[in-house]
Asks: 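I have a structure here, written as structure tokens, and I will follow up with some questions on it.
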Amino acid sequence: DDERPYDHPPGSNYNRYPSPKKGTLFYFDPNTLEAEGWKKLGLRDKTVATILNFRNKGGKFRQPEDIKKIWGLFPDEAERLVPYVRITATSDELSANKYSNDFSEGKKYETRKTYSTVDINNSDSSSWIALPGIGSKLSQRIINFRNKLGGFYAVNQ
């Protein structure tokens, strides 16, 4: 008897989970564990690649249950791994927690960022890059667009 319901006849191999690999369980930090470590835990190469790609793009695991969100990691695998996850706080997180504790003690810190104004018709690419969300490529596209127009006449252009 199969425990998982499927729309296919019993005994059919269509749409089945692959037989789980039994890996060696050990305590690990998913934010720092290398590919070999993930494989030692019993994960498939494709799942390991997904995790490493997530981290390379700036993704972080903040709590053990976050590994359940990994695309390609089966629920039973995640349940097996969660008790072994030990996430260590980074220095950035520690300093953020320090400030949040200071707020609760009544201390005030100015966290507002200030941005310089940009003259949209005379600014160079470094002025555009200084704005949040604008990198070198987008700044160059803005300047090229401005040059083709012969200058902006409205900010929403």
Asks: Run the salt-bridge test on Glu34 and Lys40 with the 4.0 Å N-O cut-off and return the result as yes or no.
Replies: no
Asks: Run the side-chain contact (heavy atoms from CB on, under 4.5 Å) test on Lys68 and Glu79 for me, step by step, so that the C-alpha distance in whole Å, both residues' side-chain angles and the decisive distance to 0.1 Å come before the verdict.
Replies: CA-CA 8 Å; Lys68 293 179 181 179; Glu79 289 299 328; 3.0 Å; yes
Asks: Taking Thr47 for the side chain and Leu43 for the main chain, is one N or O donor matched with an acceptor at less than 3.5 Å?
Replies: no
Asks: So which atom in Leu25 and which in Arg80 form the shortest heavy-atom distance, rounded to 0.1 Å?
Replies: CD2-NH1, 3.2 Å
Asks: Show the nearest heavy-atom pair for residues Ile129 and Ser136, with the distance to one decimal.
Replies: CD1-CA, 3.7 Å
Asks: Side chains of Arg86 and Asp29, heavy atoms from C-beta outward: is any pair under 4.5 Å?
Replies: no
Asks: Is any side-chain heavy atom of Lys60 closer than 4.5 Å to one of Arg55?
Replies: no
Asks: Under a 4.5 Å cut-off applied to non-hydrogen side-chain atoms, are Tyr84 and Leu41 in contact?
Replies: no
Asks: I'd like to know if the side chain of Gln140 and the backbone of Lys137 have a donor-acceptor N/O pair within less than 3.5 Å.
Replies: no
Asks: Going by the angle between their ring planes, with limits at 30° and 60°, are Phe61 and Trp38 parallel, tilted or perpendicular?
Replies: tilted
Asks: Which heavy atom of Leu52 sits nearest a heavy atom of Leu33, and at what distance?
Replies: CD2-O, 4.3 Å
Asks: Measure across Ala78 and Leu73 and return the closest heavy-atom pair with its distance rounded to 0.1 Å.
Replies: CB-CD2, 3.9 Å
Asks: Taking the side chain as everything from C-beta on, heavy atoms only, tell me whether Trp71 gets closer than 4.5 Å to Phe54.
Replies: no
Asks: Is a donor on one side and an acceptor on the other found under 3.5 Å between the side chain of Asn121 and the backbone of Gly151?
Replies: no
Asks: Taking Asn122 for the side chain and Asp119 for the main chain, is one N or O donor matched with an acceptor at less than 3.5 Å?
Replies: no
Asks: Name all residues meeting the side-chain contact (heavy atoms from CB on, under 4.5 Å) criterion together with Leu138; count only those two or more places apart in sequence or in a different chain, and write none if there are none.
Replies: Ile134, Arg141, Ile142
Asks: Can you check whether Ser127's main-chain N or O pairs, donor with acceptor, with Asp124's side chain at less than 3.5 Å?
Replies: yes
Asks: List the atom of Ile143, the atom of Ser125, and the distance in Å for their closest heavy-atom pair.
Replies: CD1-N, 3.4 Å
Asks: State whether the side chain of Arg146 and the backbone N or O of Ile120 hold a donor-acceptor pair below 3.5 Å, judged by distance alone.
Replies: yes
Asks: Taking all heavy atoms of Pro30 and all of Ile87, pick out the closest pair and write down the distance.
Replies: CD-CG1, 3.9 Å
